Structures are given as C-alpha cells and as structure tokens.
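To start, the structure under review is shown below, and the notes come after it.
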Amino acid sequence: MTPKKRRRLAFVAAILAAGAVLAVGIVYELGQNTQYFRSPSDIAANQVQPGIAFRLGGLVQQNSVHHGSGADVSFQVTDGKGTVPVEYNGVLPALFREGQGVVALGVLNGTGTFVATEVLAKHDEKYMPPEVVDALKRSGRWKEGGT
Amino acid sequence: MTGELGQLALCFALALSLVMAAAGLTGARSNAATARGIAHGATMGMLVFIALAFGTLTYAFVTSDFSIADVANNSHTLKPLIYKITGVWGNHEGSMLLWVLVLSLYAGLVSALGRGGPQLTSAALGVQGLLASAFILFILFTSNPFLRLDPAPFEGAGLNPLLQDPGLAIHPPMLYAGYVGLSASFSYAAAALIVGEEGWARAARPFMLIAWIALTCGIALGSWWAYYELGWGGFWFWDPVENASLMPWLVATALLHSALATERTGAFRTWTLLLAIAGFSMSLIGTFLVRSGVLSSVHAFASDPTRGFFIMMLIFCAIGGALGLFAWRAPTLKGGAAFDTVSRETALLLNNVFLVAACAAVFVGTLYPLLLDAINGEKISVGPPYYAATFAPIFFALLLLVPFGPILGWRRGDLKASARALAPALGIAAVAALAVLAIASPRFLTGVGAFAVAGWLIGASILSFIKRKGARASAFAAALAHAGLGVTLMGVTGTTLWRSEALAVLAPGQTMTVGPYTLRFDGVTQEQGPNYRASRAHIALMDGTRVQSMLMPEQRIYPAEGQDTANTAIRTTGFQDLYLALGDDRGNGRWTLRAYVSPLAPFIWLGGLVMAFGGMLSLWGRLRAGAKVPSAMAQPAE
C-alpha cells in the first residue's frame, strides 16, 4: 500500500467513525428529549404515566380558570371525552381564553393533576395548534371551518 | 387595472425566464455566442417584469385596493404606511413574489458581473432561469397575489400584529437575500458541472459572501425580534422555523471555507460542488417547512395542501436534478489536489466536518417529528435539551479549532510554529477564564470554558490584526468574523447561565426586585395607537427612594385582527439588559409582571454584526481585486 493510499484509508476510517459517533449520539438524544403529545382522553384511558414530561393539548374548559393570590392559576383542559385539571405558576400567554385551544408542557402528579411548567404562547387567535385540532377530531368535537 | 397589470407582468416574466433557461443552457456551448446574448437580455427583461409585478402589488397595498384579495386579506386602511408596504411580504402570496424578486436580482447580478467566463456565466443564467420559471409557475398556479374579489370589501382584514414591527419589516427581505442568494452558488456549481469549468469557485465567491452576510444579518434580526417581541426573554427557541434558517447558514459557512481551499489550491473540488448544491437545497427545504403549512407558526401564513405538494415536487426536481448532474459529471472532473496532514486544508476540512455534523443534528431534530407524524400520526416535539446535547458540543469543538485555520500554511503547515504564534491567545483565554471565576456567581464550569474559548477566539483575531500588517483584506475579514463568533459566544453564555428572572403579581405602589434592580409598579394606563389599544404599565426603576427612570412595557390589542402582542421594555447598559414584560390583568388594578436581568445579552447580536462586517470586508477586497485585474475571464465589475 502506498503512503497516499494508507492516508486516504485512515481518513475514510476516521470520517466513518466520527459519523457513527454522531449517529449514535443523535439517536440517543432524540430518545431522551422527545416529548409526546397527549390529549385528555389519552389520560382518561390511563395511557400516560405520572412523572414523565409530555405536552397536553385541548380546549380550556369554560368557567374553570381560577387565579390564586400570587401568579398561580388552575384550569381544566378538555377534548370533550376527557378532562384534566391543570396547575400552573407563571404568566399565561396573552391569548389564553376559556373555550380556546391551549398546549401545556409538564407532568402528571400522583393524583392525576397536570403540573404545567410552561403554557405555550401561541400569538394568533385564528391559529389552533395542529395537535389540538387532531385531538378534537379524534374525540369528534371538531367542526370544519369553525372554532 | 393594477391587478391585471401585475398578472400580465408575471406572465411575461415567466416567458422570459423560459427563454433565459433555454438560451442560457444553449450558451454553455462554446460556439453559441448569440444564445448567450439572448440569455443576458432575457435575464434583465425578467428582472424588469418581476420588479413591475412587485411594484404593482406594493402600489395596491399602499392605496388599500381591496378589490385584490391578497390586499383585502392582509391590509387595513388604518395601518401606518410603513406596515402597508411591509405587509406586501407579510403574507404567503406576497412573500413568494419577494422570493422570486430576489432570485431575479441575483440572476441580474450574475449577468451584470459576468464573472468566470462567458460559457460558465451563460450556463449559470440558464439554471437560474429554470429555478425562476418553476417558482413563477408556483405563484401563478397556487399563490397568485393578483386575484380579484368581487364585490370588493370596504375594509381589509389587517396584518398579524406581530408582523407590525420595524424589526420584522427588514427581517424577511434580509433573510430572503441570504436564502435565495445561495441559488447563485447553486447555479454556478451546476454550470461548472455542465461546462466542466474549474474556476467556478472564484466566480461564485462574491455571491456566496453576499448570501452569507444577508443570512447572518437575517438570523440575528429574527433572533433579536423574538427576544423583544415574544416577551419570554429568550433569543433562540429551536423552533423549526428558526432551524430552517440556521441550516442553510451552517452549510453556507462550510461552503465559504471549502471554496477557499478549492480556489487557492484546488483541494476538495467535488466536495465544494456538493456543498453549493446542499446549501441551496437547505434553503429550498427551509422554504418548504415555512411556506407549505406543515409547521404552524407565525410564519405559516396559510396551509393549502396543493402548495405543499407543489413546493415538494419543486424541491425534488431541483435537488434531484442537481445531484443527478453531480453523479453524472463529477467523476469527469479532476480530483482534488493533495495536501499535508498538517495544513490549512486539514483545518478547513475539520471545519467542514463539524459544520456539516452540526447541520445534521439540527436537520434530524427538525424533521424527525414531521417524519414520525407522516408515518404513524404520532405527535411529538423535540425540545431544546436535544440541541443542547448535540449541536452545542459539536459547535464548541469547532470553535476550539477555529484559530488554527488562518495561521496554518496552505498545503504544508508547521504545527509547532503555529502553536507558538497562538500562545498569547492562550494567555488571553486564561485571563477570560479567571475573570469569569472572579466576577460571576454562581460559578459554572461550562461558563468558564465558554469564556476561555471566547477569549481564545478573540485573542487569536487580535494577534492576526497586530502581526499581519499589510496582509490581504481577506485575512482581516477572517479575523473579524472569527472574533464575532467569540462575542456571540459570550452573549449566549452570559444570558443562558446567569440570567435572573422574577415573576410577581403587583398592585399599584408595590415593589419587586430582580437581580440588582428594585422596581415599583405605578399602575397601568390605557393608550390609543393608530390601529391598536394598549395597556401601558408604568414601572419605576428605583435608586433607593429616588426614581432613576421609568420603563413602560405594554400589551397591545389590535381590534381589526382580534389579536394582542406584548411589547417589552428593555433598558440596556450595553453589558446587561433589564427586560420587562407585562403579563395578565388579575383584577383590582393588579397585574402580573415578568422581569429578567440578562447579562451580556446585547453581545449575541453584536457578534452577529461583527461577523457580517467580516463578510463585507472580504467582499470589498474581492470586488476591488476583481476590478483592478481585468482579465479575459472577468468583465469589469461595474
């Protein structure tokens, strides 16, 4: 083998090794950091384990929003088939309204309450998060062309 | 009349772009001078007609001509004039027209500069013509901005208030100048494959630089906008739409470096071609992500499946065609020139490996959720921790190696001499690390490491300014761009690690503290803007019992659009931002208020600006050199 060929071989081997490390790293980190989207009916059907972070989406139940003395707030998220109580300590997005779609990030605690770390700010009233549309379609509450 | 005029102009532009494609590609043969003349003429003609169509649409927006559906859906008589104009590209149809306008401008520039020989230029114009015709067809069939409404409504529906912002007025044109600017490198690469010409990297260099500068500024502007407008204190959210602009930037940066080696020593010949194709492919994928409606965000103006399908076909043809051409023609090109293991080429190779790896990490994180949704309908999201664990270490490793690049010699470098030359930079790095240990609390190992690397980058840049007097503009350009990376790194690290935040529900007269600041809430007043109502909080920044200054974060409601936005109040010392966002009304005059203290936040965008300046310096050096040495290859730059 000529020195040039040997060098080229070493180079190709190094690139392949680096690519393998990258691929393993990416796949591992994807597995660690993927958050699933769940609807209230999924939770009602016991498909969600407590303590694992996920995204909850649905409509804010009418007359369910209660403000505490500080920045804490509680409300309920529904998709018509299931309803989940949510607790949150923070600023609600400007377009948070009863009867409107919402996506919250957090975990279920032992008593079945969703403790949100983030209520997502979606800044457009016409815009319904696609996950919420999907959840409403599955529970049969989606009306085409109207929200 | 205006609508019909615009429509007609688009049709003429389509015809001319087809002429441009046919004549340009014919002109790739050496004996087809007439075809080349036609290609140049058609290019200018297309540019004129696209500009006319764009001007017509702008006129319709300015005069609030609501008989045009696009204007009626996206404008309003009460909007300030500047937002009537920016509203032209604040919607799907208009923004696609802007896309094609930028594509035509680059085609015009390719034709006017005529760099790299008549055959190469002609073939590049031909490819540019193919791209233009495809996108004009896309506009005419799926996104026509000139469709009429009958009867015309008396008032328009308004523009998304988030887009009514000076930052956003220039963000899209800037980003497009970058995105679409990569089409010129793409066309030159394809032309080089057709003609078999090797000087393409030198010919395409100014276009790579312009695109890269615009992309850098566009990303920085978008990030700055997200910082002050969204009210979360963050500057980058790893939102798919942000990633869509980051990926072309990463590939374009790799391309700039790899093309340098190709141009100087002939190394990485085929790889550089592939990168030029990949860069614009990333732009096309970004356009697809943003414009097709597969992602819902402030950028997705409308979701219409035919549009998504059309763009997908377009991407498939463009990328597939270019890669096919590459597979067919690249083996006939000369192989890359040889270089030593220790050389600038190796440094540039490592630069490319890390940049492409970083891009791959972002690519997978962005597209995996879409793929999973398409396969089994499972909805997932990939959060910022994924990017922190993959993108950040790869980029960090890249930054460590950056100072070696400019200092190693071409073909054969001297590692020991280079290391000795860089020793003072290591000293600066140590000083930066010690300074962080002394000043910052709490002490984070990552923070110390990041500041050491920032010191290393900036120190090495200062060294090359001192030591290389009389060096070419390109050396200073590289030093500036690399120093900019260090500045941005400091900003990102400072804000990410040492940001303090406070959240309080306040009644008038009550105070809160955040970091070193004490804030007194003096209540909320209602204000009336031209097309919005605002709740304006009056916050006194206290110095003991004295009021030092007043900050007024707002929440605005836009009745025409039925939307609201947070307008933050930011007080900066240049080294630290005090950032206030008004939250929700809790009754009895009580409001929630969010406050952040972000150390070094302005450095994030300052670094971007420094990088862009580096790019501009390099561009200036190029164009000057090109003008000074007129040759048979390059016609005068004027």
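This one's a predicted model, so the numbers in the text were calculated from it and none came from an experiment. Below, chain A is the first sequence line, B the second, and so on; all start at residue 1.
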For Tyr368(B), all residues meeting side chain to side chain donor-acceptor pair (under 3.5 Å), sequence neighbours excluded: none
Contacts with chain A made by residues 348-356 of chain B (heavy-atom distance under 4.5 Å), listed by residue number: Leu349(B), Val353(B)
Phe339(B): ring pair (Phe, Tyr, Trp, His ring centres under 6.0 Å) partners, not counting sequence neighbours: Phe268(B)
Minimum-distance pair of heavy atoms, taken over all atoms of Ser381(B) and Arg55(A): OG-CD, 3.1 Å
Leu105(A) versus chain B, the contacting section by heavy-atom distance below 4.5 Å: neither
Exercise: identify the closest heavy-atom pair between Leu503(B) and Ala71(A): CD2-CB, 3.6 Å
Ile380(B) side chain near Phe37(A) side chain, heavy-atom distance below 4.5 Å: no
Summary of ring-ring contact (aromatic ring centres under 6.0 Å, His included) pairs that have at least one residue in residues 11-36 of chain A, sequence neighbours excluded: none
Crowding at CD, Gln526(B) (>12 non-hydrogen neighbours, <6.0 Å): yes
Contact winner vs chain A - Leu582(B), Ile394(B), Leu372(B), Asp584(B), heavy-atom pairs under 4.5 Å: Asp584(B)
Contact summary for Pro385(B) and Asn33(A), nearest pair of heavy atoms: CB-OD1, 3.1 Å
Chain B contact via Leu22(A) - which portion, at a heavy-atom distance below 4.5 Å: side chain
Proximity breakdown for Ala581(B) and chain A, heavy-atom pairs closer than 4.5 Å: neither
Heavy-atom proximity to chain B below 4.5 Å, by part of Gln32(A): neither
